[in-house]
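Convention: sequence-line order gives letters A, B, ...; per-chain numbering from 1.
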Amino acid sequence: MVQEKRILYEHLDVPNINTFDVFRQHDGYTRFEKAIAEYQPEEIADMVKEAGLKGRGGAGFSTGEKWSFVPRDIEPRYLCCNADESEPGTFSNRYVLEKNPHLLIEGILICCYAMGIETTYIYIRGEFTLGKKMLDAAIKEAYEQGYLGENVRDTGLNINIYSHPGAGAYICGEETGLIESLEGKRGQPRNKPPFPAVQGVFMKPTVVQNVETLCNLPFIVGNGVEWYTQMGPTYGDARFDPPKADPNTGTKLYCISGDVNEPGVYELELGLTCTELIEVAGGLRGEEVKAVIPGGSSAPILTQYELDTRLDFTSLTLAKSMLGSGGIIVMNETRNIVDCLLNIMKFYAHESCGQCTPCRWGTPWVRDIVQRIADGEGRQTTITRPKFGITESGRWGDTGETEEIYEDLDLLENVANNIANVDTMTWNTICVFGIAVSWPAVSYMRKFRPEFEAAIRESKLVTLPVAEATVPPEENYAYQQRIIPKEMVDLE
Amino acid sequence: MSEEIIQIETPFQFSEENKREFDELIGRYPVKEAAMLPTLHLAQRQEGYITPAVMKYVAELLELSVMKVKDVVTFYPMFFEEPVGKYVIRICHTLPCALRDCKVVLDHLKEKLGTDVASETNLAKGTTDDGKFTLMKVECLASCDVAPVIMVNDDLYKNLTPEKVDEILEQLPN
């Protein structure tokens, strides 16, 4: 069985680790001290790039690369820490904020030093009242100990950290939505480009990073790049010619919930399979796995045939899904996929920010269609297609073959694909919220079509046995398209 | 909404303690407008909900139009424009909680409190007659491992069953 590899969470359960003294006893702030004593700011940025750290918030974009877009000649520059954890199924940041906030502060200090940033805003979710309390106390302590404020530890650096509460809007987790919200406006995402790295908060260069990404920095600096890159797989990404090295280094805080015996956060090296993760989380609660959502509710669903998919950024992208924020939701054989989709679509219809028309109107429309199917009022039509064959009179002609079509399923796919097209990966909205809606809608429907058809046919929700409910791999378009990393090109 | 239309009976003002906190807040940002969300949180904590008087006061503090403040208040679900109960019970009903039977907890709460679930435009629907509780559904509270969960004002309660809900409700002071 795969063993947990606790790095970010190593001292999480140490009593009073939230206080400066105890954190200090566990190597606290030594990594930051090492950074200022031994490295130039640019060297730290290079280390992060070499370490192959990918953003843990959802998009999985290379952190080092993101930093390299920030113009160093424009002052001031800002760091926004994204602690607006609202993706259903994700809950790892909450524990960092509530139990070990000093680790986040140390990560921020290293980032600020590397990028020459003086002001950091931590955008913390409004509902995280305990997290904010702990974080504010830790920030206060850090100021008292001289790790924040003017002339940090006599190095001449000025670094300030402020926590900024959100107010319950999911869209503020999107980086430009977060920036708008931080500026005191409605959290409606901006058009990109310009990217936040160039024009972000207050129209200045801004680095936006997730809590987990920043918490990785002390360990990269403290233990070195070589140590860090040993964790996790590196693939030759077969989508490119010649294959491009795509590192998935480090650990990930996998949040697993739903039908497992021991839900929780497990810190593991990237690259284990779904089956292995379920085993780590105390095994399945139930008889059979029906479906697994691999990266928060926005990610396309995986079926029982896809459980060998590795849970890392590259593998899941190639499996036409995503690791996202690492929120894994497991469903057993008793779950009805139509019902689950309805729940998720209600969420998105509620959380659409209302800025772009396809999303504002499309999300409630998708929800209504799924609601209709779940209520047993799904539409089914019989159409007649012209088909040549031998007619009743024995002559060659139009046999007028009739065909049952599930009108609502076609409509569902059509509406969802017009918010964002999952096949071409283009969206008609400003931000990626659009794709976060159509990805689940279309993938649930395509991969568990028999269950949707049954609900329409029998005018009520029918939970089919797993084997019957799942579209077999031969007919599953996404399954056919996927490339499993094991079979991928080896890089020397 | 222009200032003439707003009927303000009693003007709102920060308490001295909140004013101090506000003064500290405003220094954090290069533009005043950025202090909007923390200021509104402060005001809501003092007043209970965001009244037109609060909006006018915040607008004056941040040197903005009242319309701009109203614009923000209506966007975020955590700001209330109507009075709410002393205890706001937020129940998570997103997928991971739904997989762990949050519906049982919700039905129990509805029955126990004798009220419906509030909607964002009609908070009174979910408020008990004595004004003690407001019951509302919220989206994922980021505690899926201990589902189902509720938040009562600022406190999170985990792994709920109807019995536990009874215990929690009983120990809340009047």
Around [X], counting heavy atoms of other residues, nucleotides and ligands shown, do more than 12 lie under 6.0 Å from its [atom1]?
{"X": "E150(A)", "atom1": "CD", "answer": "no"}
{"X": "D23(B)", "atom1": "CG", "answer": "yes"}
{"X": "K103(B)", "atom1": "NZ", "answer": "no"}
{"X": "K140(A)", "atom1": "NZ", "answer": "no"}
{"X": "E288(A)", "atom1": "CD", "answer": "yes"}
{"X": "E16(B)", "atom1": "CD", "answer": "no"}

Region of [X] in contact with chain B, defined by heavy-atom distances below 4.5 Å:
{"X": "Y348(A)", "answer": "neither"}
{"X": "V330(A)", "answer": "backbone"}
{"X": "I293(A)", "answer": "side chain"}
{"X": "R186(A)", "answer": "both"}
{"X": "Y170(A)", "answer": "neither"}
{"X": "C172(A)", "answer": "side chain"}
{"X": "E262(A)", "answer": "neither"}

Using side-chain heavy atoms (C-beta onward) and a distance below 4.5 Å, is [X] in contact with [Y]?
{"X": "M151(B)", "Y": "E127(A)", "result": "yes"}
{"X": "R28(B)", "Y": "H164(A)", "result": "no"}
{"X": "L156(B)", "Y": "R94(A)", "result": "yes"}
{"X": "L95(B)", "Y": "M331(A)", "result": "yes"}
{"X": "E183(A)", "Y": "Y29(B)", "result": "no"}
{"X": "L37(B)", "Y": "S181(A)", "result": "yes"}
{"X": "P38(B)", "Y": "Y162(A)", "result": "no"}

Exam field: side chain H41(B) to backbone G166(A), donor-acceptor pair closer than 3.5 Å
yes
Please report the interatomic distance SG(C144(B)) to CD1(I329(A)), rounded to the nearest 0.5 Å.
6.5 Å
From CG (D155(B)) to OG1 (T129(A)), nearest 0.5 Å
7.0 Å
Stepwise side-chain contact (heavy atoms from CB on, under 4.5 Å) check, M36(B) with K185(A)
CA-CA 8 Å; M36(B) 179 86 84; K185(A) 300 169 193 152; over 6 Å; no
For the student: nearest non-hydrogen atoms of [X] and [Y], plus distance:
{"X": "P263(A)", "Y": "D145(B)", "value": "CG-O, 3.5 Å"}
{"X": "R285(A)", "Y": "L99(B)", "value": "NH2-O, 3.8 Å"}
{"X": "A142(B)", "Y": "F91(A)", "value": "O-CB, 3.2 Å"}
{"X": "Q188(A)", "Y": "F75(B)", "value": "CG-CE1, 4.0 Å"}
{"X": "C140(B)", "Y": "S86(A)", "value": "CB-O, 4.1 Å"}

Below 4.5 Å, heavy-atom pairs only: which of [options] has the largest tally toward chain A?
{"options": "P96(B), A35(B), C92(B)", "answer": "P96(B)"}
{"options": "A98(B), C97(B), S143(B), A147(B)", "answer": "S143(B)"}
{"options": "V72(B), V73(B), V138(B)", "answer": "V72(B)"}

Contact winner vs chain B - [options], heavy-atom pairs under 4.5 Å:
{"options": "G258(A), A281(A), G89(A), P165(A)", "answer": "P165(A)"}
{"options": "S257(A), A167(A), G184(A), G168(A)", "answer": "A167(A)"}
{"options": "R335(A), E85(A), E351(A)", "answer": "R335(A)"}

Run the ring-centre check on F347(A) versus H93(B) and record whether the distance is less than 6.0 Å.
no
Part of T74(B) lying under 4.5 Å from any heavy atom of chain A:
side chain
